[in-house]
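A note on names: the letters A, B, ... follow the listed sequences, proteins ahead of strands, and every chain is numbered from 1. The analysis underlying the following values was restricted to heavy atoms, covering all of them including side chains, and did not include hydrogens, waters or symmetry mates.
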Protein chains: 2
Amino acid sequence: MTINKELMKGSTVILILTLLDRKPMYGYEMSKEMEKSSSGVLTLKEGTLYPILHTLESDGMVESYWSSGEGERKRKYYQITKKGQGLLKEKQREWISFRTAVDQVLGGGPA
Amino acid sequence: MTINKELMKGSTVILILTLLDRKPMYGYEMSKEMEKSSSGVLTLKEGTLYPILHTLESDGMVESYWSSGEGERKRKYYQITKKGQGLLKEKQREWISFRTAVDQVLGGGPA
DNA sequence: TGATTATACCTAGATATACGATGCATCCAC
DNA sequence: GTGGATGCATCGTATATCTAGGTATAATCA
């Protein structure tokens, strides 16, 4: 089951920051992890992911470095910064507020 | 408090249909009611609302009629159709699924 | 009476965002 | 050595929403 993509808008950033708040990850990994973490409901396409990562990096929300493990294939890891954690907290509050409001309207019942 | 507008995308249709599922309403009324129903968190701008209503109408999800009360100002009322109620049910399921998935990712904790 | 405000409808253009398509390179299994 | 999975990335397109504006009527108040 895949969600109407429009619903995803506005929530991708918080989802990405949440993944990175657990541990540094590389893009491809994040894409797979998102699907796993959400039981296959949410997908994070690469065409969506990379532009957002680059924006977050230029805004100082995440930092990146290339992996240097010997014999390993090169991977670009992203990790969240202090500033990014602040943004995450803010977005978490926003999500709760939004979710609550929608549920409130949906559950309002006949007037 | 106003929500990041991007979060709204994808959920406006379900919110509009929900309001109309309670009773027929006119545009301006819906705009005000949305704010009230969500405790001021969600706003439904007219520039957003009317195009959506027109689309829903041409898709047979809602029907409209002009009010004819004597001495009353003219208002265009919208009411939900059977087909619209079907769409609403579908979108409700979708919302639950989406909300659950996001909460699941956010609440995942450190890996 | 005249001016201001709230109500009530609507459209056009700008903007934002996600996705599909695509490209390139590396690594592993057969 | 070929194919498929991995891994990074960009570009064009589609679509939803907002800002800003336009029109008109009713109510309120000086």
Side-chain angles (χ1 to χ4, degrees), chain A residues 2-17 19 24-36 38 41-59 62-78 91 98 102, chain B residues 2-17 19 24-36 42-59 61-62 64-78 91 94 98 101-102:
Chain A
T2 326
I3 285 290
N4 170 4
K5 59 185 166 192
E6 294 308 327
L7 267 178
M8 280 292 286
K9 290 193 185 187
S11 52
T12 45
V13 170
I14 186 178
L15 290 168
I16 289 172
L17 287 177
L19 288 186
M25 296 176 92
Y26 53 96
Y28 194 80
E29 186 184 10
M30 298 179 66
S31 177
K32 300 296 168 195
E33 181 61 27
M34 180 67 71
E35 210 166 329
K36 223 175 70 183
S38 69
V41 176
L42 306 177
T43 55
L44 196 54
K45 303 294 166 56
E46 294 175 80
T48 307
L49 176 60
Y50 287 109
I52 292 177
L53 281 175
H54 298 156
T55 303
L56 286 174
E57 185 170 20
S58 75
D59 288 348
V62 305
E63 289 167 349
S64 67
Y65 57 90
W66 286 93
S67 74
S68 49
E70 284 180 48
E72 268 183 20
R73 94 184 286 156
K74 284 189 89 176
R75 287 162 174 161
K76 196 175 188 178
Y77 280 84
Y78 292 88
K91 292 218 162 270
F98 171 71
V102 172
Chain B
T2 326
I3 284 291
N4 170 4
K5 57 189 167 190
E6 296 307 327
L7 268 177
M8 280 290 286
K9 293 193 184 185
S11 53
T12 45
V13 170
I14 186 178
L15 290 168
I16 289 172
L17 288 177
L19 288 185
M25 297 176 93
Y26 53 96
Y28 194 80
E29 186 185 11
M30 297 178 67
S31 177
K32 302 293 169 197
E33 180 62 27
M34 181 66 70
E35 210 167 328
K36 222 175 70 184
L42 306 176
T43 55
L44 196 52
K45 303 292 168 56
E46 290 173 63
T48 306
L49 177 59
Y50 288 110
I52 292 178
L53 282 174
H54 298 155
T55 303
L56 285 174
E57 186 170 21
S58 76
D59 287 348
M61 302 301 175
V62 306
S64 67
Y65 57 90
W66 287 93
S67 75
S68 51
E70 284 180 50
E72 267 183 19
R73 86 185 294 158
K74 286 189 88 176
R75 288 163 177 162
K76 195 176 189 178
Y77 281 87
Y78 292 87
K91 291 214 164 275
E94 195 177 271
F98 171 72
V102 172

Legend entry - Below 4.0 Å: OP1/OP2 of C:dT7 and any side-chain N or O of B:Arg73: no
Inset, instruction - Using only side-chain N and O atoms of B:Lys74, determine if any of them is under 4.0 Å from OP1 or OP2 of D:dT25. - result: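 No, because none of the side-chain N or O atoms of B:Lys74 sits under 4.0 Å from OP1 or OP2 of D:dT25.
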Inset, instruction - Would you mind reporting whether B:Leu19 and B:Glu29 have side-chain heavy atoms less than 4.5 Å apart? - result: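 Heavy-atom side-chain distance check fails, nothing below 4.5 Å.
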Inset, instruction - Compare all side-chain heavy atoms of A:Ser11 with those of B:Phe98 and state whether any distance is below 4.5 angstrom. - result: yes
Could you give the [atom1]-to-[atom2] distance, from [X] to [N], as a whole number of Å?
| X | N | atom1 | atom2 | answer |
| --- | --- | --- | --- | --- |
| B:Leu49 | C:dC10 | CG | P | 9 Å |
| B:Arg75 | C:dA6 | CZ | P | 16 Å |
| A:Leu44 | D:dG7 | CG | C1' | 15 Å |
| B:Glu29 | C:dT7 | CD | P | 12 Å |
| B:Met34 | D:dT17 | CE | C1' | 14 Å |
| A:Lys45 | C:dT22 | NZ | P | 15 Å |
| B:Glu33 | C:dT7 | CD | C1' | 16 Å |
| B:Lys32 | C:dC9 | NZ | P | 12 Å |

For the pair [X] (side chain) and [Y] (backbone), establish whether a donor and an acceptor sit closer than 3.5 Å, ignoring hydrogens and angles.
| X | Y | value |
| --- | --- | --- |
| A:Ser64 | A:Lys76 | no |
| A:Ser38 | A:Met34 | yes |
| A:Thr12 | A:Lys9 | no |
| B:Ser31 | B:Lys45 | no |

Which atoms of nucleotides 10-16 of chain D (N or O only) lie under 3.5 Å from a protein N or O atom, and what are those distances?
unit_1 : atom_1 : unit_2  : atom_2 : d
D:dT10 : OP2    : A:His54 : ND1    : 3.1

Legend entry - Sugar-phosphate only, base, or nothing, as touched by B:Tyr77 at under 4.0 Å among non-hydrogen atoms: nothing
Inset, instruction - Just say parallel, tilted or perpendicular for the rings of A:Tyr65 and A:Tyr77, cut-offs at 30° and 60°. - result: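 Because their plane-to-plane angle is under 30°, the rings of A:Tyr65 and A:Tyr77 count as parallel.
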Legend entry - Side chain of A:Lys76 (C-beta onward), nearest among D:dA9, C:dA8, C:dC19: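 Nearest nucleotide to the side chain: D:dA9.
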